[in-house]
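This report concerns only the one structure given below.
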Amino acid sequence: MSIAFLNGTFLPLEEARISPLDRGFLFADGVYEVIPYYNGISFGIEEHLSRLQRSLAEIRIPLSQTIEEWASLLNDLVAKNGGGDLSVYLQITRGAYETRNHAFPPEIKPTIFAMVSPIASPLAADATKAKGISAITAPDIRWSRCDIKAISLLPNILLKQQAADAGAQETILVRDNFITECTSANVFAVKNGTIYTPVNDAQNLGGITRDIIIGLALEHQMPFQEIAMTVEFLEDADEIWVSSSTREVVPVIALNGRVVGDGKPGMLWKVMAEHYQTNKKRIFTR
Ligand code: PDD
């Protein structure tokens, strides 16, 4: 049984309880982060926690914790769970109050919850053997502040299920004929040797994995560009990748039932996947 953290206390996950009056439960009034740990060591935690601070500020949940304090709490949680390869889920809601009222309560007492889940060990895995996934495109029915990592994920859930219903693993989202991102990942396209990704704005999340991939592309002089990416551009791509903290960088080999490139993980994906693993090893052995 794993150990969770709830409002100042470490406890077995199955003993954690929150009120049905919690605004996270009633309104999805909260934000979250998912942070990978490999061998008990965090990967990209400062970037994740900076994004958390930004999300909290954007939805006006006032908390005094510093990035160092959050990191120390999550490191303790991982240690209490025995380390290893884990993803930490951290959720903060505006808290529980006596009545259901849309407006903020005068004094905010947030609910802070964290738990861990196992993740496959990408360090042990041979990334170049990944088979790739199928994706579909669908209209992006989410709100216009997708830069905030909010817990209100109903559109994402419906859109992800749309992929599952179509026998695919991911949905790539389209707003006004432009690609935004996926239901829980960012998206990249490769064309004629250049790596492209949609510009980061309020229509998508500034993914930490996206930033790592961009950094690696620049470091290794792989041609890279952020663009306003049309559906036609994506459909015509030689390679498509999706990226997130728990999935790293995954090749898409079929889009809307048609093969992408030659229907196998692409050449540049293999190069990037290797750079990604080498970069992780570099961090964990320094
Ligand atoms: N999702 N876009 C969306 C909508 C996401 O939910 C996520 C991450 C990403 C990728 O961000 P990052 O590289 O920082 O993980 C992009 C997490 C993993 C989740 O909801 O489980």
Side-chain angles (χ1 to χ4, degrees), residues 24 28 30-38 42-55 58-59 67 70-71 74 85-93 113-120 122 133 135 137-163 169-175 178-189 195 197-217 226 229 240-250 252 272-273 275-276 279-280 283:
V31 295
Y32 76 108
E33 274 300 327
V34 178
I35 305 165
Y37 277 68
Y38 301 111
S42 63
F43 185 59
I45 193 165
E46 278 170 25
E47 291 78 3
H48 280 278
L49 292 173
S50 307
R51 186 172 67 188
L52 175 75
Q53 300 289 49
R54 178 179 182 275
S55 294
E58 291 292 328
I59 72 161
I67 287 182
W70 285 121
L74 301 185
D85 296 337
L86 297 171
S87 76
V88 172
Y89 177 84
L90 170 62
Q91 169 171 318
I92 297 154
T93 75
F113 170 68
M115 63 176 176
V116 300
S117 318
I119 44 173
I133 60 166
T137 52
D140 191 342
I141 55 172
R142 302 173 303 161
W143 69 331
S144 49
R145 287 305 310 276
C146 296
D147 55 314
I148 300 172
K149 201 158 171 58
I151 59 170
S152 45
L153 293 175
L154 187 53
N156 307 56
I157 289 165
L158 295 175
L159 288 161
K160 181 86 171 200
Q161 187 57 37
Q162 209 171 314
Q169 288 79 44
E170 190 49 273
T171 305
I172 301 177
L173 309 177
V174 183
R175 203 184 280 255
F178 289 100
I179 304 298
T180 54
E181 57 179 339
C182 303
T183 61
S184 60
N186 291 107
V187 63
F188 290 81
I195 303 165
T197 195
V199 285
N200 183 213
D201 54 24
Q203 314 295 340
N204 58 12
L205 187 74
I208 307 306
T209 319
R210 175 187 182 276
D211 286 346
I212 294 170
I213 291 169
I214 294 172
L216 289 169
E226 281 180 293
M229 188 183 285
I240 300 174
W241 315 336
V242 302
S243 71
S244 83
S245 296
T246 43
R247 287 183 283 175
E248 304 189 334
V249 52
V250 175
V252 175
M272 181 54 78
H275 287 323
Y276 200 93
N279 177 52
K280 272 169 48 188
I283 284 164

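Counting starts at 1 for both ligands and their atoms, in listed order.
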Original post:
Got a second to check how far L159's CG is from L173's CG, nearest 0.5 Å?
Top reply: 5.5 Å
Original post:
How many angstroms lie between atom CZ of R142 and atom CD of Q203, to the nearest 0.5 angstrom?
Top reply: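 So the CZ of R142 and the CD of Q203 are separated by 8.5 Å.
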Original post:
Hey, is R51 close enough to E33 for a salt bridge, meaning N to O under 4.0 Å?
Top reply: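 Yes.
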Original post:
Any ion pair linking K280 and E248 (charged N to carboxylate O, less than 4.0 Å)?
Top reply: yes
**OP:** Answer yes or no: is there a donor N or O on one side and an acceptor on the other, between the side chain of Q91 and the main chain of G30, under 3.5 Å?
**Re:**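 It does not hold such a pair.
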What residue and atom, counting heavy atoms only, is the protein's closest point to [atom], and at what distance?
atom	value
atom 21 (O) of ligand 1	V34 CG2, 3.6 Å
atom 19 (C) of ligand 1	Y32 OH, 3.7 Å
atom 13 (O) of ligand 1	T209 OG1, 2.6 Å
atom 10 (C) of ligand 1	N186 OD1, 3.6 Å

Subset of ligand 1 atoms that lie under 4.0 Å from at least one heavy atom of [X]:
X	value
H48	14 (O)
K149	1 (N), 5 (C), 6 (O), 7 (C), 8 (C), 17 (C), 19 (C), 20 (O)
G207	11 (O), 12 (P), 13 (O), 14 (O)
T183	4 (C)
S245	12 (P), 13 (O), 14 (O), 15 (O)

Original post:
Got a sec: does the CD of E46 have more than 12 other heavy atoms crowding it under 6.0 Å?
Top reply: no
**OP:** Determine, step by step, whether L52 and V31 satisfy the side chain to side chain contact (heavy atoms under 4.5 Å, CB included) criterion, reporting the C-alpha distance in whole Å, the side-chain angles of both residues, the deciding distance to 0.1 Å, and the verdict.
**Re:** CA-CA 8 Å; L52 175 75; V31 295; 4.2 Å; yes
Original post:
Where the closest heavy atom to atom 7 (C) of ligand 1 is concerned, which of C182, S244, S184 has it?
Top reply: S184
Is there at least one pair of N or O atoms, one from [X] and one from ligand 1, spaced under 3.5 Å apart?
X	answer
I208	yes
S243	no
E181	yes
R210	no

Original post:
Could you go step by step and tell me if V174 and I172 meet the side chain to side chain contact (heavy atoms under 4.5 Å, CB included) rule?
Top reply: CA-CA 7 Å; V174 183; I172 301 177; 5.6 Å; no
**OP:** May I ask whether R51 has any heavy atom positioned less than 4.0 angstrom from an atom of ligand 1?
**Re:** yes
Original post:
What part of A185 sits under 4.0 Å from ligand 1 if we count only heavy atoms: the side chain, the backbone, both or neither?
Top reply: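 The answer is the backbone of A185.
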Original post:
What heavy-atom pair brings Q53 and I67 nearest, and what distance separates the two atoms?
Top reply: NE2-N, 3.8 Å
Original post:
Taking T180 as the fixed residue, which of D201, N204, N186, D140 is the one that meets the side-chain hydrogen bond (donor to acceptor under 3.5 Å, both in side chains) rule?
Top reply: D140
